[in-house]
Amino acid sequence: MIVKNGAETLRQSLESVRGVVHQIVIADTGSTDNTCAIAREFGADIISVPWENDFAKARNAALGPLKTDWVFVLDADEELDADAKHKIPLLMQAADIGGYITPIRNYVNIRFSRGWDRTSVPNDGCHPRAKHAPAYFVHENCRFFRRDPKIYFTGRVHELVENQVTALGYKLTFASFFIHHFGQLAEDQKRDEKAVFYRDLLRLRVQDLPNDPLGWVQLGLQEYEVFKNPEEGLRCFGKALTLNSRINEAWLFTAMIYVDLGKNQEALTALECDRREGPVTALREQLKGDALLGLNRFMEARQAYRRAMKLSGVDDPLLESKIGYTEVKAGQKSTGLAKLRRAARSAPGVFAIHDRLMKACIMADRLPEAAEVAENLAKASANPKFFLRAASIHAQTQQWQKAANILAHGISLFPQSPELRAALTEVARSPHGNSQQTAQSPQVTSESQADVGVARGAAATSREESCR
């Protein structure tokens, strides 16, 4: 292990390997808490390693004092699954195996998430520490390998030993156990700090190894996914593909950005270049559906979404809502709305699903239902525009009092919003407006040009608006 100020989780981590490992070596990179005291309770050998912005260097330092035949790698915010102790002894008996690619469950706070090129799956609740996490996604790398001086880590960040294992003529295969990772469940501030830290290291990595396409892919995904910088993401993925046009992940992530930017034909072209099989196919088909939907090729999009659902192997309300939405767009209003309603019942807290249902109701001329969904979205949101949208639909159905009420509620939450105030003013001035309601509401001004006329138009605009 390499650890710095990991006292909060280190005890649980080391407890998970009790009775499994014969030696514990911890490279401490400058802890100021009681990390080292906890490690000593477990009989760990502790070495002090200066932090030089290089994970591989620190991990290789930790390999030095080891005397065992095999090495197991764990981080302080991870735990070995309880069943592993029955499986690991058998794995060490394979003479031709040099290392095991280990699945790592990354628990996340939201049901629909993604890590690298993997989509999340519902949490089975098998670990009590993550029982409240709605989902996890899996990634793999070699965490269990033979101890050999020629097997060492490379890479300043996202460090690996796989290349060294295979260079020695050993085979790599998949482990029959897995690791639990809880780092994504940390509070927002810690995750934000870690994101900046990793971006800085990835920038150093591409400076060190400018001709390594994987480093550019990793940096591009960090820029796009974490820091919401699609242009920089595209630049990094383009650099990776210039170095090696067969980097499948770069094509996939390029397509993802193109879909976000509305460049749907370019997205389809990029997706054709990713020819991998396995878990990634479900995500690729979903992205294909998003691009086809953006091109108004509704039935093709529906087919892609259905393939993604089948490949994922689970009943996914997010995908079901996309299928339903494409059906409504294609004129199959009854079946599409049924799917959207079912998806909304299955995932009451997922905004995108309910937003699709609202838009589909508008397209199907079911404005009272659309208004109800929009109002629920507004009350659950932290954005004035959702209150304007809900008011606009109420206005379409001549429900002026409801429009005034939802605007007043929005103003109570966002008192500085000129759009909400101007919209409430127009509702009060309409022939059917309620002047008494206006008198009881916060004082409004007519300085802003935004009004419910604009909001009314939003309802009509939503008929044509696509939604990922």
Side-chain angles (χ1 to χ4, degrees), residues 103 106 108 110-122 135-140 217 220-221 224-225 230 233-234 237 241 245-330 332 335-336 338-340 342-344 346-347 350 352-353 355-357 359-360 466-468:
N106 301 272
V108 290
I110 56 177
R111 166 62 186 88
F112 300 101
S113 182
R114 180 182 52 77
W116 194 243
D117 57 2
R118 304 291 180 83
T119 53
S120 61
V121 297
Y136 64 84
F137 63 86
V138 176
H139 81 279
E140 304 96 359
V217 175
L221 190 61
Y224 161 60
E225 190 172 49
L234 281 176
F237 299 144
L241 291 169
S245 63
R246 292 178 293 181
I247 298 294
N248 292 299
E249 295 89 346
W251 287 116
L252 182 78
F253 300 141
T254 295
M256 202 175 290
I257 295 179
Y258 279 148
V259 170
D260 283 351
L261 298 178
K263 297 182 177 181
N264 295 297
Q265 190 56 59
E266 291 92 332
L268 291 176
T269 301
L271 288 170
E272 289 298 320
C273 297
D274 180 3
R275 303 182 184 278
R276 290 173 295 168
E277 300 295 331
V280 71
T281 55
L283 175 59
R284 192 168 63 230
E285 286 298 319
Q286 184 173 177
L287 286 171
K288 187 179 294 184
D290 293 339
L292 290 165
L293 177 60
L295 293 169
N296 295 328
R297 293 159 60 177
F298 304 129
M299 298 314 295
E300 292 175 84
R302 177 178 179 270
Q303 291 171 0
Y305 289 142
R306 288 171 64 89
R307 287 193 297 270
M309 179 81 85
K310 183 177 180 179
L311 289 164
S312 69
V314 297
D315 292 329
D316 187 333
L318 187 67
L319 277 169
E320 185 175 32
S321 76
K322 290 185 175 186
I323 294 169
Y325 189 72
T326 59
E327 290 179 350
V328 173
K329 296 275 281 185
Q332 300 177 7
T335 60
K339 289 182 176 68
L340 282 157
R342 186 164 56 243
S346 299
V350 180
I353 291 175
D355 192 49
R356 277 189 207 99
L357 173 59
K359 292 174 180 178
S466 66
C467 173
R468 279 189 65 197

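Keep in mind that this is a model prediction, so the values were computed, not measured. All values below come from the heavy atoms of this structure, side chains included, with hydrogens, waters and symmetry mates left out.
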Quiz item: Has the side chain of Arg284 got a donor or acceptor atom that lies under 3.5 Å from a matching backbone atom of Asp274?
Solution: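 The answer is yes, because a donor-acceptor pair under 3.5 Å joins these two groups.
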
Quiz item: Any donor and acceptor pair, going by atom type alone, linking the side chain of Ser120 with main-chain N or O of Phe137 inside 3.5 Å?
Solution: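 Judged by distance alone, no pair lies under 3.5 Å.
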
Go through the structure and list residues passing side chain to side chain donor-acceptor pair (under 3.5 Å) with [X], not counting sequence neighbours.
| X | value |
| --- | --- |
| Arg306 | none |
| Glu320 | Arg342 |
| Arg246 | none |
| Asp316 | none |

Quiz prompt | Test ring pair (Phe, Tyr, Trp, His ring centres under 6.0 Å) applied to Phe253 - qualifying residues, sequence neighbours left out | solution =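 In terms of ring pair (Phe, Tyr, Trp, His ring centres under 6.0 Å), with neighbours along the sequence ignored, Phe253 is linked to Trp116, Phe237.
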
Practice problem: Enter the distance from Thr326:OG1 to Arg297:CZ here, rounded to the nearest 0.5 Å. | Solution: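 Reported to 0.5 Å precision, the distance equals 13.5 Å.
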
Quiz item: Going by heavy atoms in the side chains, are Leu318 and Gln286 under 4.5 Å from each other?
Solution: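 The answer is yes, as the side chains (C-beta and beyond) meet within the 4.5 Å cut-off.
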
Exercise. May I ask you to test the Asp290-Tyr305 pair for a side-chain heavy-atom distance under 4.5 Å?
Key: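 A side-chain contact under 4.5 Å exists here.
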
For the student: nearest non-hydrogen atoms of [X] and [Y], plus distance:
| X | Y | result |
| --- | --- | --- |
| Ser312 | Leu319 | OG-CD1, 4.5 Å |
| Ala250 | Val217 | CB-CG2, 3.9 Å |
| Leu293 | Ala301 | N-CB, 3.7 Å |

Partners meeting side chain to side chain contact (heavy atoms under 4.5 Å, CB included) with [X] (sequence neighbours left out):
| X | result |
| --- | --- |
| Val121 | Tyr136 |
| Ser346 | Pro317 |
| Thr335 | Glu327, Gln332, Lys339 |
| Leu311 | Thr281, Ala282, Glu285 |

Side chains of residues 264-273: which donor-acceptor partners sit under 3.5 Å, not counting sequence neighbours?
unit_1	atom_1	unit_2	atom_2	d
Asn264	ND2	Gly262	O	3.4
Thr269	OG1	Gln265	O	3.1

Quiz item: What's the verdict on side-chain contact (heavy atoms from CB on, under 4.5 Å) for Tyr258 and Leu234, showing C-alpha distance, side-chain angles and the deciding distance?
Solution: CA-CA 9 Å; Tyr258 279 148; Leu234 281 176; 4.2 Å; yes

Practice problem: With sequence neighbours left out, write down each residue that passes salt bridge (Lys or Arg N to Asp or Glu O under 4.0 Å) with Asp117, or none if nothing qualifies. | Solution: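 So Asp117 forms a salt bridge (Lys or Arg N to Asp or Glu O under 4.0 Å) with Arg276.
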
